[in-house]
Every structure is written in structure tokens, then in C-alpha cells.
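Structure, as C-alpha cells:
Note that the structure is predicted; figures quoted are calculated from it, not measured. Basis for what follows: all heavy atoms, side chains included, without hydrogens, waters or symmetry-related copies.
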Amino acid sequence: MSLARACACTHGLTHMWHSLVCSRAPPARPPAGSRSAPRGARGQRRAGPPFQFLQVQKAGSKGSVGLIRLQRPQALNALCEGLMAELRRALDAFEADAQVGAIVITGSDKAFAAGADIKEMQGKSFQQCYGGAFLAGWDRVATVRKPTIAAVNGYAVSVPVSLRALCRVPHARGRDSWRSPPAVPITPSPGAGGTQRLTRAVGKSLAMEMVLTGERISAAEAKAAGLVSKVFPVDKLLDAAISCAEKIASNSKLVVAMAKESVNAAFETTLAEGNRTEKRLFYATFATDDRKEGMTAFVEKRKANFTDS
Ligand SMILES: C[C@H](O)CC(=O)SCCNC(=O)CCNC(=O)[C@H](O)C(C)(C)COP(=O)(O)OP(=O)(O)OC[C@H]1O[C@@H](n2cnc3c(N)ncnc32)[C@H](O)[C@@H]1OP(=O)(O)O
């Protein structure tokens, strides 16, 4: 997602972040559909110290969207350990926030992210990697129960491709090509799930080519391969992602989480196990007030009023 050129939202997000948490970003007008209400600000302050590598805020007309912008421009948002720790903290905060129903992760003008931080990895030993469980915490993006949308602008290299594959409703901008996965020219092989999630997302042939050559694919190719769900002009990308997140957030958060778990089972287990998971979760929805409310509202021809219970 490269936004500054084409999306006024970018600057607005910066402004909101500035007013909420950080001390670095320049002020500008808020993005369409974003919310500068103090609830987000209070939420961020309660969540811990200011973020150094992220802008974090709530967006959408009801503040129901958690918006995270990777903000490490000098390294094209390379995913250093500090950034990933902040990302986990931001995700934890949104996961615990009852107002938030979906999360959008985006990047900066030039890059969604340039992969793992090569300079940070360069001097690591096997002992440090294995003993310190290097990259182990990155799976947090995959375990978030609320839906995550990756609005991908600019470069998405290696790990970000995994990151994007982790986000369940990825969107991409419709211009430029981005280099995707592999880090084979730089590292022995990808190590953050790039060979596993990418292969399941796009199939073995394309994954093999991407991983072994490190060549870029375009947004259109990514869509054709099923790696992203939609492609937008750069100036529409973030608004579209927020709008999609708002739509998700307007549904029962409880049932949305169950549906997400069910879809993920198709990605992570066998067909038989996935079908069992789906059935169990389907039955479980009958224990919720929201299932009853949804069906009753349909029969009574009115809008459902979900209580997330
Ligand atoms: C664990 C995983 O599975 C494996 C991995 O993720 S390994 C990492 C994979 N990532 C990559 O291979 C991407 C490396 N980056 C690039 O190829 C190029 O930067 C790019 C094609 C994305 C952009 O190129 P370009 O526009 O010319 O910008 P470039 O000058 O290279 O980068 C700008 C700055 O960001 C830094 N940077 C870019 N990617 C970085 C990375 N992954 N780690 C650390 N720093 C990085 C550059 O060193 C440079 O810093 P400098 O100004 O201090 O020299």
C-alpha cells in the first residue's frame, strides 16, 4: 500500500497518530472515515508506552476498525524485532478492545515492508536463533481472532508476503509490482512461514518460482493467484480496506470470530478435520444470542441488533 502519492488518508492517519500517541509525525487532515475520538487515544495510552515503529489508531465512522501503519521509512519498514514486538502489542490491544471488530494493517508510501531486517539478522548465530526462538513471536498475526486486512502498498518482500498471507482479507493497490517472498539470495531459505503459507495460498508452482527466484509479481498477478482478494487504485486502497473492515465489524464479533476460525481450518488442517471444525462451530453459534437475533431480524424484516454475545 503506497499512499502518500495517491491517498490523502495517509497524512490524516499521521495526524491522528500524532495526536494520540507519538511525537514524531507531522499534523495533517484526518483520513476519510477515520476517527479522532479520544477513546482511541485513551486506549493507546493504557496499552503502554508510545510506539516507535507504528502508527496505531481507530478508524471508521464508529471507531470499529483498528488501524496499524508500519512506520519505519528509513528501512522501508523492514521488520526488526522492535517493530514486531510493537505489532504484537498493538494487535493485543485491538484484540482486547470490544469496540474494534476488524483490524487493517498498512505500510507507507514506498513499502508495505521490505522483509525481515537483514542488518539485524546478519550477525546472528544458530545458537541465538534457536535458543532465542527467533521469529517465533511473529505468528501472533496469524492467531489474532479478529479479522485482519492487509492493505498492501509498494514493496512487500519476503516476510510481508507471509504477513499478508496471514491477514485473511488482503487488499492490494493496483499499481506497481512488488517483489514477493523469498529470501533465497540473502538467507538460506525463508523462515517466517513464507514457504508454507505462500504455497497454500498460491499453489506449489508459483510459490516455488517466487521462493527460488525472488522475482516480483504484480498486484494483478497476486490477485489472479488468490494471494489478495481485491486490487484498488492507490488512492482508493486504504479507504476500501477500512470500509471492508467496517462492514465486517458491523456483524456479530462473536460469530465473525467463529467464522474466521472455521475458514482458517480449511487452510491449516485436512478436509475432514476442517469439516468437523466447521460443524462444531456452526452448532456452537446456536448457543449465541446473536445467532438468534440475526435469524429473528431476518424473519421480522428488520436490521439485526447484535450484542456480541
Ligand atoms: C526470515 C525471512 O523469511 C527472510 C527475510 O525476510 S530476508 C529479508 C528479505 N528482504 C529483502 O530481500 C529485501 C531487501 N531490500 C531490497 O531488496 C531493496 O531495499 C528494495 C528492492 C525493497 C528497495 O530498493 P531501493 O528502493 O533501492 O531501496 P534501498 O536503498 O535498497 O533501501 C532503502 C534503505 O532501506 C534499507 N533496507 C531495505 N530493506 C531492508 C531490510 N530487509 N533490512 C534492513 N534494511 C533494509 C536499505 O539498507 C537502505 O538503507 P540505507 O539507506 O541505510 O542504505
Side-chain angles (χ1 to χ4, degrees), residues 1 3 6-17 19-20 29-44 54-70 87 90-107 112 141 144-153 164 166-174 228-261 263 288 290-291 293-294 297-298 302-309:
M1 320 157 198
L3 303 169
C7 185
C9 298
T10 303
H11 306 296
L13 301 177
T14 303
H15 165 63
M16 291 186 66
W17 166 252
S19 61
L20 296 184
R29 73 179 180 81
S34 68
R35 177 187 174 93
S36 57
R39 292 182 65 174
R42 287 198 300 270
Q44 289 307 315
L54 307 179
Q55 295 173 2
V56 181
Q57 65 184 83
K58 290 187 195 175
S61 59
K62 296 178 179 166
S64 61
V65 179
L67 181 57
I68 300 172
R69 179 184 294 282
L70 311 184
L87 184 56
L91 290 170
D92 287 346
F94 285 141
E95 186 88 303
D97 189 328
Q99 186 187 19
V100 170
I103 299 165
V104 172
I105 304 177
T106 191
F112 181 69
V141 182
V144 173
R145 299 179 77 183
K146 291 181 180 175
T148 47
I149 297 172
V152 177
N153 48 318
R164 182 160 42 80
L166 288 174
C167 297
R168 298 309 177 186
V169 194
H171 290 44
R173 75 179 201 171
V228 301
S229 65
K230 286 189 174 138
V231 177
F232 295 93
V234 66
D235 59 332
K236 302 277 193 302
L237 173 68
L238 189 58
D239 284 346
I242 291 173
S243 169
C244 177
E246 278 191 286
K247 192 168 186 180
I248 293 169
S250 71
N251 294 321
S252 164
K253 296 181 183 62
L254 195 64
V255 177
V256 162
M258 294 163 93
K260 176 178 174 176
E261 186 180 341
V263 173
T288 68
D290 283 345
R291 193 279 313 165
E293 166 63 10
F298 175 80
R302 62 173 172 82
K303 194 173 181 309
N305 179 26
F306 296 122
T307 54
D308 304 323
S309 59

So, does [X] use its side chain to make a donor-acceptor pair with the main chain of [Y] at under 3.5 Å?
X    : Y    : answer
Q57  : G66  : no
D290 : V255 : no
K146 : F94  : yes
D308 : S252 : no
E246 : A241 : no
R69  : G107 : yes

Taking the side chain as C-beta and beyond, is there a heavy-atom pair between [X] and [Y] under 4.5 Å?
X    : Y    : answer
L91  : I103 : yes
T106 : I68  : no
V104 : L238 : yes
L70  : L54  : yes
K247 : I242 : no
S309 : T288 : no
I149 : I248 : yes

Where do [X] and [Y] come nearest, in terms of heavy atoms and distance?
X    : Y    : result
G63  : V100 : O-CG2, 4.4 Å
S250 : F306 : O-CD1, 3.8 Å
G101 : P147 : O-CD, 3.5 Å
A102 : A249 : N-CB, 4.2 Å
E95  : R145 : OE2-N, 2.7 Å

Fill in the blank from the handout: In this structure, CD1 of I105 is separated from CG of L67 (nearest 0.5 Å) by 9.5 Å

Practice task
Rounded to the nearest 0.5 Å, what's the gap from CZ on F232 to OG on S243? Could you check?
Solution key: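 That separation rounds to 8.0 Å.
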
Practice task
Please determine if D97 and K58 form a salt bridge, counting it only when a charged side-chain N lies under 4.0 Å from a carboxylate O.
Solution key: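 Yes, D97 and K58 are salt-bridged.
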
Handout entry: Under-4.0 Å salt bridge between R302 and E293
Key = yes

